[in-house]
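Here is the structure we will look at.
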Amino acid sequence: MADPIIRRMPPDLANKIAAGEVVQRPASVVRELLDNAIDSGADQIRVAIRSSGKSLIQVTDNGCGMGSDDLKLCLEPHATSKLRAIEDLQRIHTLGFRGEAMASMASIAQIDVRSRLHDEPQGHRIEVHGGDEVFFGPAAGEPGTAVSVRNLFYNVPARRQFLKTDPTEFRYILRAFQEAAMARTDIAFELHADGNDLLTLPPQPLADRIASLFGEEYRASLIPVEESAGL
């Protein structure tokens with residue numbers, strides 16, 4: 001009898017392959033972390049990057065934060081606060097819900113998550129490198145959550161080769177930031193790159209937000225549109 005040729009992949013290999021579907025480039029990380037920050041109820045979100053996100057992506061928010069039990073789970077595959085039963089798929093009101101993004105980042109980067117509930121005197125921190133936990137414990141910090149993703153694809157060099165030049169990857173990041181900022185004009189956003197302050201956006205009307213993002217010359221060409229749709 002021939003030896004079987006189909007085998008189950010080791011979990012760490014399967015996680016890295018799946019991560020490539022969720023996290024295709026630094027902008028994917030930025031988009032997923034912005035979604036989480038918005039879903040947390042934050043009204044202030046700060047994005048900081050280095051080397052166009054290849055060496056660092058950090059998203060900080062003042063949202064609801066997480067307790068120690070939730071923080072411990074947030075980097076596990078298919079762990080989410082947004083679905084409880086299959087019926088919930090029919091009434092999704094959040095930007096994210098699959099519980100895949102954070103685990104994917106943790107498997108192909110060095111990730112540090114610090115979080116504190118607003119009614120707790122201190123927060124907690126978890127650090128995971130390539131899927132392996134290296135630290136978990138109490139930590140100081142403001143209420144909300146700060147996620148730092150360092151050295152993306154450091155343990156999947158073949159995947160890192162497919163990244164484009166820094167200017168190209170930065171354009172993808174900027175687009176993700178602009179989309180989030182235009183969708184939620186009630187939230188204050190900041191964007192920092194390599195130590196430079198690029199954008200500081202207060203809560204503002206949509207026309208002002210567009211002008212802040214793309215230049216004052218865009219304001220004259222804006223046309224207000226209203227749409228309503230029945231169910």
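Keep in mind it's a predicted model, so treat the numbers as computed, not measured.
Listed by first and then second residue, the ring pair (Phe, Tyr, Trp, His ring centres under 6.0 Å) pairs that reach into residues 125-146 come to none, sequence neighbours excluded. For the ring pair (Phe, Tyr, Trp, His ring centres under 6.0 Å) condition, the pairs that include at least one residue of residues 189-210, sequence neighbours left out, are Phe177-Phe189. Pairs of residues two or more places apart, or lying in two chains, never qualify as ring pair (Phe, Tyr, Trp, His ring centres under 6.0 Å) while including a residue from residues 23-45.
Under 3.5 Å, the side chains of Thr200 and Glu190 contain no donor-acceptor pair of N or O atoms.
Under the salt bridge (Lys or Arg N to Asp or Glu O under 4.0 Å) criterion, Arg31 pairs with Glu179, not counting sequence neighbours. Contacts of Pro143 classified as side chain to side chain contact (heavy atoms under 4.5 Å, CB included), with partners at least two apart in sequence or in another chain: Arg116, His118. In terms of the side chain to side chain donor-acceptor pair (under 3.5 Å) criterion, Asp70 has no residue partners (sequence neighbours excluded). For the side chain to side chain donor-acceptor pair (under 3.5 Å) test, residues two or more places apart in sequence or in another chain that qualify with Arg219 are Asp208, Glu216. The side chain to side chain contact (heavy atoms under 4.5 Å, CB included) check on Ser52 picks up Asp166, Glu169, Phe170, with sequence neighbours excluded. With sequence neighbours excluded, the residues forming a salt bridge (Lys or Arg N to Asp or Glu O under 4.0 Å) with Glu133 are Lys72, listed by chain and number. Remark: Gln122 engages no residue in a side chain to side chain donor-acceptor pair (under 3.5 Å) (not counting sequence neighbours). Under the side chain to side chain contact (heavy atoms under 4.5 Å, CB included) criterion, Ser221 pairs with no residue, sequence neighbours left out. For Arg125, the side chain to side chain donor-acceptor pair (under 3.5 Å) test picks out Asp112, Glu127, with sequence neighbours left out.
How far CG of Leu152 is from CE of Met105: 9.0 Å, rounded to the nearest 0.5 Å. Rounding to the nearest 0.5 Å gives a distance of 8.5 Å between CG of Leu117 and OG1 of Thr145. With rounding to the nearest 0.5 Å, the separation of CD1 in Ile187 from CD1 in Ile38 is 5.0 Å. With values rounded to the nearest 0.5 angstrom, Lys54 atom NZ is found 12.5 Å from Asn151 atom CG.
Crowding of Tyr218 atom OH: a count of heavy atoms from other residues, nucleotides or ligands under 6.0 Å not exceeding 12.
The hydrophobic cluster containing Leu34 does not contain Leu56, counting ILVMFWY residues as joined when their side-chain heavy atoms lie under 4.5 angstrom apart, directly or transitively. Tyr154 and Leu163 end up in different hydrophobic clusters when Ile, Leu, Val, Met, Phe, Trp and Tyr side chains are linked at under 4.5 Å.
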